[in-house]
Amino acid sequence: MKHLLLTTILLFTITTSSASNKEIVAEVVFENLSDTPFDTGQFLISETNTKVLVTSTDSFNITLPKKGKYNFSFSTYNFISSISYPKKITKNKNVIYIRLIAKNNAFQNKYSLQKNLTKQDKLSDKDIADLIKSGSVNFIAYGITNNISEEYIQFKKEYNIGFIIENCAIDPLAFGVAVENNKIISAFLSRTYGENWKNTLKNKPLGVK
């Protein structure tokens with residue numbers, strides 16, 4: 001009986017040790033590119049359905065069952081986030097980078113004319129209409145050249161909404177800002193004109209379906 005118990009304990013110890021040896025510790029590193037203090041967000045590991053509440057930009061470690069491919073994501077209300085990590089998490093490739101930029105700062109530089117549109121919850125349709133009337137609202141599109149196409153010129157004449165053409169080399173943060181900006185404009189146009197306005201755009205900007 002004692003021999004059987006000892007064997008069982010030994011097998012359990014070996015199994016536990018083997019599982020532990022397969023585990024991979026990864027580090028999550030944040031970079032806040034805004035002056036706005038970070039408040040809260042959620043880090044998600046799809047494969048294990050693990051959700052981690054994050055309340056600061058201090059780095060932290062996560063334990064994964066084994067090396068391999070994982071899908072990580074990060075969501076936060078007041079920031080646009082960009083996440084990058086190795087295609088395969090291993091002992092030597094185990095750092096997950098999350099870059100943050102506050103939504104209300106997203107357009108302060110290149111897209112300064114658009115920054116108010118990232119605060120849609122604080123803008124009424126009348127506010128957006130006034131911004132359009134002033135000529136300060138633009139879709140953000142991407143192309144090989146920054147030339148404005150004829151269809152974009154005609155769209156500007158009809159709706160007084162222009163286009164900013166960016167290089168095809170898309171930065172993840174700029175991509176998120178562009179999509180959000182375009183969605184806000186698209187939603188306003190749909191509320192105002194229905195869905196028919198989309199028929200005038202053969203080449204739709206990012207975020208416009």
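Note that this is a predicted model, so its numbers are computed, not measured.
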Can you find a heavy atom in the side chain of [X] that is under 4.5 Å from one in the side chain of [Y]?
| X | Y | answer |
| --- | --- | --- |
| I140 | N182 | yes |
| F60 | V54 | yes |
| T200 | Y193 | no |
| I96 | V29 | no |
| I161 | L189 | yes |
| I62 | V25 | no |
| P205 | F163 | yes |
| T40 | F79 | no |

- Count the heavy atoms belonging to other residues, nucleotides or ligands that lie under 6.0 Å from NZ of K204, then report whether that count exceeds 12.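 Yes, NZ of K204 has more than 12 neighbouring heavy atoms, counting only those of other groups under 6.0 Å.
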- Message: Quick check on K67: does its NZ atom have over 12 non-hydrogen neighbours (other residues, nucleotides or ligands) under 6.0 Å away?
- Response: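 For K67, atom NZ is not crowded (no more than 12 foreign heavy atoms under 6.0 Å).
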- Item | Check ion pair K198-E195 (N to O, under 4.0 angstrom) |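 Here K198 pairs with E195 in a salt bridge, since their nearest N and O are under 4.0 Å apart.
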Are [X] and [Y] near enough that their ring centres are under 6.0 Å apart?
| X | Y | result |
| --- | --- | --- |
| F30 | Y97 | no |
| F74 | F43 | no |
| Y152 | F139 | no |

Under the salt bridge (Lys or Arg N to Asp or Glu O under 4.0 Å) test, which residues partner [X], sequence neighbours left out?
| X | result |
| --- | --- |
| K126 | D130 |
| D39 | none |
| E158 | none |
| K66 | none |

- Message: If I compare all heavy atoms of V28 with all of I98, which pair ends up nearest, and what's the gap?
- Response: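 So the two residues come closest at CG1-CD1, 3.8 Å.
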- Query: Which heavy-atom pair separates G207 from K183 by the least distance, and what is that distance?
  - Reply: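 The pair with the smallest heavy-atom distance is O-CG, 3.5 Å.
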Please round to the nearest 0.5 Å and tell me the distance separating atom [atom1] of [X] and atom [atom2] of [Y].
| X | Y | atom1 | atom2 | result |
| --- | --- | --- | --- | --- |
| E31 | S81 | CD | OG | 13.0 Å |
| Q42 | S75 | CD | OG | 5.0 Å |
| L201 | S186 | CG | OG | 9.5 Å |
| I185 | N138 | CD1 | CG | 7.0 Å |

- Message: One pair to check against side chain to side chain contact (heavy atoms under 4.5 Å, CB included): Y159 and I132. What are the steps and the verdict?
- Response: CA-CA 8 Å; Y159 295 98; I132 293 173; 6.0 Å; no
- Task: Compute whether any side-chain donor of one residue and acceptor of the other, for N71 and E47, lie under 3.5 angstrom apart.
- Result: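 The answer is yes; a qualifying pair exists.
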- Item | Shared-cluster residues of L53, by chain and number - hydrophobic side chains joined below 4.5 Å |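 Traced through the cluster, L53 reaches no other member.
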- Message: If hydrophobic clusters are built from ILVMFWY residues whose side chains come within less than 4.5 Å, do I24 and V52 share one?
- Response: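 The answer is yes; both residues are in one hydrophobic cluster.
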- Query: Is there a chain of hydrophobic side chains (I, L, V, M, F, W, Y, each step under 4.5 Å between heavy atoms) that links Y70 to L44?
  - Reply: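 No: no chain of side-chain contacts under 4.5 Å links Y70 to L44.
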- Query: After noting the C-alpha distance and the side-chain angles of F188 and L131, does the key distance pass the side chain to side chain contact (heavy atoms under 4.5 Å, CB included) rule?
  - Reply: CA-CA 12 Å; F188 169 80; L131 286 171; over 6 Å; no
- Query: Does T48 have any side-chain contact (heavy atoms from CB on, under 4.5 Å) partners at least two apart in sequence or in another chain, and if so, which?
  - Reply: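 I45, T50, P65.
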- Message: Show, in sequence, the C-alpha distance, side-chain angles and deciding distance for K69 and K87, and conclude whether the side chain to side chain contact (heavy atoms under 4.5 Å, CB included) test is met.
- Response: CA-CA 6 Å; K69 295 181 179 180; K87 187 175 181 180; 3.9 Å; yes
- Message: Would K202 and E151 count as a side chain to side chain contact (heavy atoms under 4.5 Å, CB included) here? Give the steps.
- Response: CA-CA 8 Å; K202 181 180 179 182; E151 70 167 332; 3.7 Å; yes
